[in-house]
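For reference, the structure is listed below as C-alpha cells.
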Amino acid sequence: MATVGILGGTGPAGRGVAARLASAGYAVVLGSRDAEGTVEGGTNEEAAACNLVVVATPWDSAIATTGALRQGLKGKIVISMVNALAREGREMVALYPARGSMAAQIAHALPESVVVGAFHHLPAALMEDLGSDLDADVLIFSDDDDARRQVAEMIDRVGGLRAVIAGSMSLASPIEAFTAVCISINIRHKTHSYVKMSGL
Ligand SMILES: NC(=O)c1ccc[n+]([C@@H]2O[C@H](COP(=O)([O-])OP(=O)(O)OC[C@H]3O[C@@H](n4cnc5c(N)ncnc54)[C@H](OP(=O)(O)O)[C@@H]3O)[C@@H](O)[C@H]2O)c1
C-alpha cells in the first residue's frame with residue numbers, strides 16, 4: 001500500500017486525513033516545518049518523500065511550502081485540500097487566488113508533479129473522530145485520469161468516505177469556493193455538516 005505524506009500534517013485538517021487513512025491501513029507521515037515534539041511525525045521533506053503527498057497547510061503558505069519541495073515532489077501525485085478563505089463575521093468568504101484556484105496555483109508551482117484536488121469539504125473534527133458516524137462524499141478533480149482514479153481508490157478504502165470523481169481541474173475553483181458555503185452553514189447552525197451527493 002502507498003505511503004502518504006501530509007505537508008502541514010500537524011494541523012486539524014492533516015491530522016483528520018491521517019487518522020482516516022491510517023485506519024484504512026496506510027502508513028502516514030505527518031510533515032511539519034519542525035519535526036521536534038511530534039510523535040509520529042517528520043519534516044515536510046520526509047512527508048514529500050512518500051508515494052502520495054497531501055498539501056494541508058494554510059492557503060497563504062501552500063505555494064511557498066510546495067515550491068520549496070519541487071524536486072522531491074517530481075513525478076508524484078500531490079493532493080491539494082487547500083481552500084483560500086477568509087472569515088467575515090459569522091461567515092466565510094471565498095478568495096479567488098491567481099489562476100482561479102489553489103490547486104491550479106500548486107500545479108503551476110509543481111510542473112513536474114500531478115495535482116489532484118480532494119478532501120476540501122470535510123470537517124476536520126469529524127475526520128479525526130473515528131467514532132463519529134461520518135458518511136461523506138469526497139469530490140475529486142484533476143486533469144490526469146489515472147491520478148484521480150488512484151486517489152479515488154485510496155479514498156474508497158477509507159471508512160466514512162466515498163470518492164466521487166467530479167471532473168477536471170476546471171472544477172477546482174467552484175469546489176474550493178463551495179467550502180465557504182459549508183463552513184458558513186456550520187458556523188450558523190453550530191454543527192459539522194458535510195457534502196453528500198444524492199442520486200449517485
Ligand atoms: N480544518 C478543516 O476542517 C479543513 C477541512 C478541509 C480542508 N482544509 C484545508 O486544509 C488546510 C489546513 O487546514 P488546518 O485547519 O489544518 O490549518 P492550520 O492548522 O492553520 O495549519 C496546518 C499546518 O500548517 C503548518 N503551517 C502553518 N503556517 C505555516 C506557514 N506559514 N508555512 C508553512 N506551514 C505552515 C503548521 O504545521 P507546522 O507548524 O507543524 O509546520 C500547521 O499545523 C487549509 O488550506 C484548509 O483550507 C481544512
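Counting starts at 1 for both ligands and their atoms, in listed order.
In terms of polar-atom proximity, defined here as any N/O pair under 3.5 Å, Pro12 does make such a contact with ligand 1. The shortest N or O to N or O distance between Thr10 and ligand 1 is below 3.5 Å. Residue Pro123 has no N or O atom closer than 3.5 Å to an N or O atom of ligand 1. Taking distance alone, with nitrogen or oxygen atoms compared against 3.5 Å, Thr57 approaches ligand 1 more closely than that limit. Between Arg33 and ligand 1, a contact under 3.5 Å exists for at least one N or O pair.
The heavy atom nearest to atom 12 (C) of ligand 1, considering only Gly41, Ala56, Ala118, is found in Ala56. Counting only non-hydrogen atoms, the option in Ala68, Gly11, Pro58 that gets closest to atom 24 (O) of ligand 1 is Pro58.
Atoms of ligand 1 found under 4.0 Å from any heavy atom of Phe119 (numbered from 1 in listed order, with element): 6 (C), 7 (C). Annotation for ligand 1: atoms under 4.0 Å from non-hydrogen atoms of Leu122 are 3 (O), 5 (C), 6 (C). Residue Met81 has at least one heavy-atom neighbour below 4.0 Å for each of these atoms of ligand 1: 6 (C), 7 (C), 8 (N), 9 (C), 10 (O). Set against the non-hydrogen atoms of Ser32, the atoms of ligand 1 under 4.0 Å away are 38 (P), 40 (O), 41 (O).
Only the side chain of Thr65 comes within contact range of ligand 1, with a heavy atom under 4.0 Å; no backbone atom does. At a heavy-atom cutoff of 4.0 Å, ligand 1 is contacted by the backbone of His120 but not by its side chain. If you look at Ser61 next to ligand 1, the close heavy atoms, those under 4.0 Å, all belong to the side chain.
Under the 4.5 Å side-chain criterion, counting only non-hydrogen atoms from C-beta, Met102 is in contact with Ile63. You'll find the side chain of Leu139 stays beyond 4.5 Å of the side chain of His120, heavy atoms only.
With respect to Glu112, the side-chain hydrogen bond (donor to acceptor under 3.5 Å, both in side chains) criterion is satisfied by exactly one of Arg70, Lys74, Gln71: Arg70.
For Met81 against Val55, the heavy-atom pair with the smallest separation is CG-O, 3.2 Å.
A donor-acceptor pair is defined here as one N or O able to donate and one able to accept, closer than 3.5 Å; such a pair exists between the side chain of Ser132 and the backbone of Leu126.
No more than 12 heavy-atom neighbours from other residues, nucleotides or ligands sit within 6.0 angstrom of CZ on Arg99. The neighbour count for Asp133 CG, taken as heavy atoms of other residues, nucleotides or ligands under 6.0 Å away, does not exceed 12.
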Acceptor/donor pairs from residues 177-184 side chains to any protein atom, 3.5 angstrom cut, sequence neighbours excluded:
{"unit_1": "Thr179", "atom_1": "OG1", "unit_2": "Asn83", "atom_2": "OD1", "d": "3.0"}
{"unit_1": "Thr179", "atom_1": "OG1", "unit_2": "Glu176", "atom_2": "O", "d": "2.9"}
{"unit_1": "Ser184", "atom_1": "OG", "unit_2": "Met92", "atom_2": "N", "d": "2.9"}
{"unit_1": "Ser184", "atom_1": "OG", "unit_2": "Met92", "atom_2": "O", "d": "3.4"}
{"unit_1": "Ser184", "atom_1": "OG", "unit_2": "Ala180", "atom_2": "O", "d": "2.7"}

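Partners of Tyr96 under the ring-ring contact (aromatic ring centres under 6.0 Å, His included) rule, at least two apart in sequence or in another chain, do not exist in this structure.
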